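Since this is a predicted model, take the numbers as computed values, not measurements.
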Amino acid sequence: MESTLAKVLLLVGSLLILCRTSHAFIVSVDAHNEECFFENVEGGTKFGVTFEVIDGGFLDVDIKISGPENHVMHESEKESSGKFTFVAPAKGTYTVCFNNERSSMTPKLVMFSIDVGEAPQRAPGAPGEEEVGHTKLEDMIRELSGTLTSVKHEQEYMHVRDKIHRSVNENTNSRVVLWSTFEALVLVLMTVGQVYYLKRFFEVKRVV
């Protein structure tokens with residue numbers, strides 16, 4: 001019993017560590033430029049792309065995901081964030097491109113990750129009862145690992161969003177304070193000017 005439990009725990013630990021490959025990046029895409037990234041994926045493997053524009057202009061960028069032989073799997077324009085999941089139809093190199101050619105001068109800072117699952121492996125012939133149980137367990141652990149990875153990425157993106165919103169709020173607050181101070185100074189100057197003008201207007205001049 002203890003030996004079986006140890007094997008199960010070892011299997012769980014190994015799958016949680018190895019069953020999913022995740023690459024996270026932050027890239028600056030200059031104006032009138034395109035940045036592409038490549039990932040080799042086995043056929044039948046589940047892989048996903050998650051991204052968010054964290055700085056620059058209107059926080060939007062064009063994205064294109066293509067497979068082997070330039071087969072376009074997804075293409076969209078002016079996206080601020082997105083999450084896309086595919087099953088690789090064939091073995092080959094898959095490309096993720098971020099395009100900022102619509103921007104005239106503003107570079108865009110993009111945070112994204114590419115998650116690649118484990119290639120499907122099935123033993124030849126009809127599986128035995130024990131093998132079927134292990135296969136189901138492996139599938140459940142893979143699904144759990146994928147969910148944990150997604151939660152981790154969501155936490156990272158939420159942390160980035162929190163920083164962006166905090167920065168925007170601080171900048172807005174600083175501008176409001178500066179504008180309020182400027183308005184107060186203008187009001188004081190106008191008050192002093194009006195008092196001085198009225199004083200001069202009603203001043204009685206003595207005739208010598």
Side-chain angles (χ1 to χ4, degrees), residues 11 14-103 106-125 127 134-161:
L11 177 62
S14 301
L15 286 172
L16 287 176
I17 296 174
L18 300 176
C19 76
R20 203 170 175 86
T21 303
S22 176
H23 305 289
F25 306 92
I26 295 181
V27 60
S28 177
V29 186
D30 295 330
H32 302 293
N33 199 7
E34 183 180 55
E35 296 289 343
C36 294
F37 297 83
F38 307 91
E39 187 76 28
N40 292 322
V41 182
E42 296 290 334
T45 302
K46 185 177 180 180
F47 75 98
V49 177
T50 308
F51 81 97
E52 179 166 355
V53 183
I54 60 178
D55 191 25
F58 294 102
L59 301 179
D60 60 352
V61 73
D62 299 344
I63 180 173
K64 180 179 179 181
I65 303 174
S66 56
E69 301 180 357
N70 294 325
H71 171 64
V72 178
M73 305 180 69
H74 175 80
E75 186 174 11
S76 57
E77 301 175 351
K78 296 183 179 180
E79 295 282 352
S80 297
S81 62
K83 183 176 182 180
F84 313 100
T85 304
F86 309 93
V87 175
K91 178 180 179 181
T93 302
Y94 290 78
T95 308
V96 180
C97 293
F98 298 99
N99 192 309
N100 194 27
E101 293 181 354
R102 297 177 182 273
S103 177
T106 307
K108 306 292 178 61
L109 195 64
V110 182
M111 177 180 179
F112 73 100
S113 63
I114 301 176
D115 303 320
V116 181
E118 185 183 14
Q121 296 179 356
R122 293 291 182 267
H134 286 172
T135 301
K136 291 182 178 179
L137 178 61
E138 290 175 2
D139 292 339
M140 293 175 61
I141 294 175
R142 288 192 186 97
E143 183 177 355
L144 176 61
S145 176
T147 304
L148 292 176
T149 304
S150 299
V151 171
K152 177 184 176 182
H153 288 321
E154 289 296 332
Q155 289 179 339
E156 292 175 353
Y157 290 129
M158 291 299 295
H159 183 63
V160 172
R161 289 193 188 103

Which residue pairs pass the disulfide bond (SG atoms under 2.5 Å apart) test with at least one member in [range], sequence neighbours excluded?
range          : value
residues 27-70 : C36-C97
residues 60-94 : none
residues 53-86 : none

Within this structure, what is the [atom1]-[atom2] distance for the pair [X] and [Y], rounded to the nearest 0.5 Å?
X    : Y    : atom1 : atom2 : value
F98  : L109 : CZ    : CG    : 11.5 Å
E35  : F25  : CD    : CZ    : 12.0 Å
L144 : L137 : CG    : CG    : 10.5 Å

Subject >> Listed partners of H71 passing side-chain hydrogen bond (donor to acceptor under 3.5 Å, both in side chains), at least two apart >> reply: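 side-chain hydrogen bond (donor to acceptor under 3.5 Å, both in side chains) list for H71, sorted by chain: empty.
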**OP:** Tell me, please, which residues at least two apart from E34 pass side-chain hydrogen bond (donor to acceptor under 3.5 Å, both in side chains).
**Re:**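 If we apply the side-chain hydrogen bond (donor to acceptor under 3.5 Å, both in side chains) test to E34, skipping adjacent residues, the hits are N99.
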Show me the donor-acceptor pairs within less than 3.5 Å that the side chains of residues 82-95 make with the rest of the protein, sequence neighbours left out.
residue: T93; atom: OG1; partner: N40; partner atom: OD1; Å: 2.7
residue: Y94; atom: OH; partner: A90; partner atom: N; Å: 3.4
residue: Y94; atom: OH; partner: A90; partner atom: O; Å: 2.6

Show the atom names and distances, to 0.1 Å, of all donor-acceptor pairs under 3.5 Å that link a side chain in residues 50-64 to residues at least two apart or in another chain.
residue: E52; atom: OE1; partner: R161; partner atom: NE; Å: 3.3
residue: E52; atom: OE1; partner: R161; partner atom: NH2; Å: 3.3
residue: E52; atom: OE2; partner: R161; partner atom: NE; Å: 3.2
residue: D60; atom: OD1; partner: K108; partner atom: NZ; Å: 3.1
residue: D62; atom: OD1; partner: K78; partner atom: N; Å: 2.8
residue: D62; atom: OD2; partner: R102; partner atom: NE; Å: 2.9

Original post:
Got a donor-acceptor contact below 3.5 angstrom from the S103 side chain to the N100 backbone?
Top reply: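 No, S103 side chain to N100 backbone: no donor-acceptor pair under 3.5 Å.
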